[in-house]
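Computed from a predicted structure; not experimentally measured.
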Amino acid sequence: MKIDHKVLLSALENCSLGNNGLVKITPARISSVGPSMSVSVAISGSGEEVFVLPMARLLSVLKGSATGMVDISINKGSAVIKVGRSVIRLPLSEESAVPETESLQSWSDLPRDVVTAAMAVVSIIPRRDNLQGNFFSEGASIRPLGNGMVVCGHDSSAMAFCVMSRVEQLIGNTIPVRLVRAMGGLTGNLEVAIGDNSISVRGGGVTFTHRKLSRKQVEVEKIVPKLMGDLPFSEVEVRSFGAAIRAASQFSRERDFAPFVVKSDVGCLSVSSEDVADGGVDSEVDCPQVAPGMVFKVNSKYVLDFLGSVESESIKLAKSDHVILKGSTKGLEVVCSIATMRI
């Protein structure tokens, strides 16, 4: 079998996102099957053989080898791989070691906005260890909202979401974190298929399939309208607000989830660290639009993750039962609600 080095290397890198164990190579397709996610990449190779090889070792060899055509053959029960002037021998495994995944027939167009929204919410609410029994995010949940839908990520302390046009096939499903991050690299027109046990996304000849998640979804469609209501918002520039938060976080007792205090003033927001024995910091951030009387203490991790996920130069923030942040990325509004802390 002969395959272009660049094509093979790209396919293996995609396959490694699902599993770093074994990879199956045929003239038409390269695939891997992991415990939760499988990957299939369409290729155009010559020959009729099927090879099941150790993924990590093959990928490592190809990254350090010359470009050109890769020639894979079988000799005395081993795979012989010729790349340029190098010859590599790898052990072969049985074809059954990489089983076929669920065959999905009903594919629908997947708008890029859904991918943008899913990537935004899982970057703000990433999967975190559930050491204290609190709920933690497993991905981007898709729930109905009027004639549209909401793409949402949430844990026990915060929720991030985007409201958009409805994609009927996605309603009631959760796109797992690993699948969200993988599909962000897909090219071309995207499609999605939902099976009894799995959800698949494909584009540019690459297909990612992840097992369905069974965790009960929070009914965010009852929560979101309350967060979208009329509130007095302050508007602040992302870069200066982020710098002030990072400065305040340096004086916190909590390294990973350092809290900080925000108070609204005339034409600015005051960002302060917690009171600690070894010092503190108070910063003022210009704020052309200020909601009067706003005071809150909140976890810096969520706010900084939110600021990093939006592309807008400024964001809006308000205080109700939670702190509400609004920004945009690729023309899509991203909203985050974060539980406040006692001052």
Side-chain angles (χ1 to χ4, degrees), residues 1-105 107 110 176 178-193 195 197-211:
M1 180 189 299
K2 291 186 177 181
I3 310 172
D4 181 79
H5 179 280
K6 185 177 180 180
V7 171
L8 180 57
L9 183 59
S10 175
L12 289 172
E13 287 175 337
N14 275 304
C15 284
S16 67
L17 297 176
N19 174 36
N20 208 28
L22 296 174
V23 60
K24 181 189 288 185
I25 303 174
T26 74
R29 191 164 296 277
I30 297 177
S31 58
S32 67
V33 177
S36 59
M37 189 167 77
S38 63
V39 186
S40 176
V41 183
I43 63 169
S44 180
S46 62
E48 299 179 353
E49 303 95 338
V50 175
F51 302 89
V52 178
L53 303 170
M55 168 97 67
R57 194 174 299 177
L58 178 58
L59 189 55
S60 176
V61 165
L62 290 176
K63 284 182 176 180
S65 64
T67 58
M69 296 300 293
V70 178
D71 189 338
I72 309 176
S73 61
I74 299 175
N75 184 21
K76 297 181 180 180
S78 297
V80 179
I81 304 164
K82 297 180 180 179
V83 190
R85 300 175 68 177
S86 301
V87 178
I88 304 102
R89 292 176 179 81
L90 293 177
L92 283 168
S93 298
E94 297 293 331
E95 286 187 45
S96 58
V98 181
E100 296 297 324
T101 57
E102 180 181 9
S103 179
L104 303 177
Q105 302 298 327
W107 292 86
L110 179 64
R178 289 185 69 194
L179 181 56
V180 170
R181 291 172 177 163
M183 71 187 191
L186 293 176
T187 60
N189 296 325
L190 303 185
E191 294 180 302
V192 62
N197 303 304
S198 60
I199 175 171
S200 294
V201 177
R202 68 185 183 188
V206 181
T207 303
F208 293 107
T209 300
H210 200 291
R211 63 174 173 80

Apply side chain to side chain contact (heavy atoms under 4.5 Å, CB included) to [X] and list each qualifying residue two or more places apart in sequence or on a separate chain.
{"X": "Val61", "result": "Ile88"}
{"X": "Ser93", "result": "Leu22, Val52, Ala97"}
{"X": "Thr207", "result": "Ser40, Trp107, Ser200, Arg202, Thr209"}
{"X": "Lys6", "result": "Asp4"}

Between side-chain atoms of residues 72-79 and protein atoms elsewhere (two or more places apart, or another chain), which donor-acceptor pairs fall under 3.5 Å?
none

How far does [atom1] of [X] sit from [atom2] of [Y], to the nearest 0.5 angstrom?
{"X": "Thr187", "Y": "Asn189", "atom1": "OG1", "atom2": "CG", "answer": "9.5 Å"}
{"X": "Met55", "Y": "Cys15", "atom1": "CE", "atom2": "SG", "answer": "5.0 Å"}
{"X": "His5", "Y": "Leu62", "atom1": "NE2", "atom2": "CG", "answer": "5.0 Å"}
{"X": "Ile43", "Y": "Ile30", "atom1": "CD1", "atom2": "CD1", "answer": "4.0 Å"}
{"X": "Ile81", "Y": "Ile25", "atom1": "CD1", "atom2": "CD1", "answer": "7.0 Å"}
{"X": "Leu8", "Y": "Ile3", "atom1": "CG", "atom2": "CD1", "answer": "5.0 Å"}

Taken in chain and number order and not counting sequence neighbours, the residues that satisfy side-chain hydrogen bond (donor to acceptor under 3.5 Å, both in side chains) with Ser36 are Arg178
Taken in chain and number order and not counting sequence neighbours, the residues that satisfy side-chain hydrogen bond (donor to acceptor under 3.5 Å, both in side chains) with Arg57 are none
Nearest heavy-atom contact between Ser31 and Val98 is O-CG1, 4.1 Å
According to salt bridge (Lys or Arg N to Asp or Glu O under 4.0 Å), does anything in [range] pair up with another residue at least two apart or in another chain? List the pairs.
{"range": "residues 62-74", "result": "none"}
{"range": "residues 35-44", "result": "none"}
{"range": "residues 16-38", "result": "Lys24-Glu100"}
{"range": "residues 42-52", "result": "none"}

*Keeping the roles fixed (side chain from Ser10, backbone from Val7), state whether a donor-acceptor pair exists under 3.5 Å.*
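Such a contact is absent between Ser10 side chain and Val7 backbone.
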Do Leu90 and Phe51 have side chains that approach each other closer than 4.5 Å (heavy atoms only, starting at C-beta)?
no
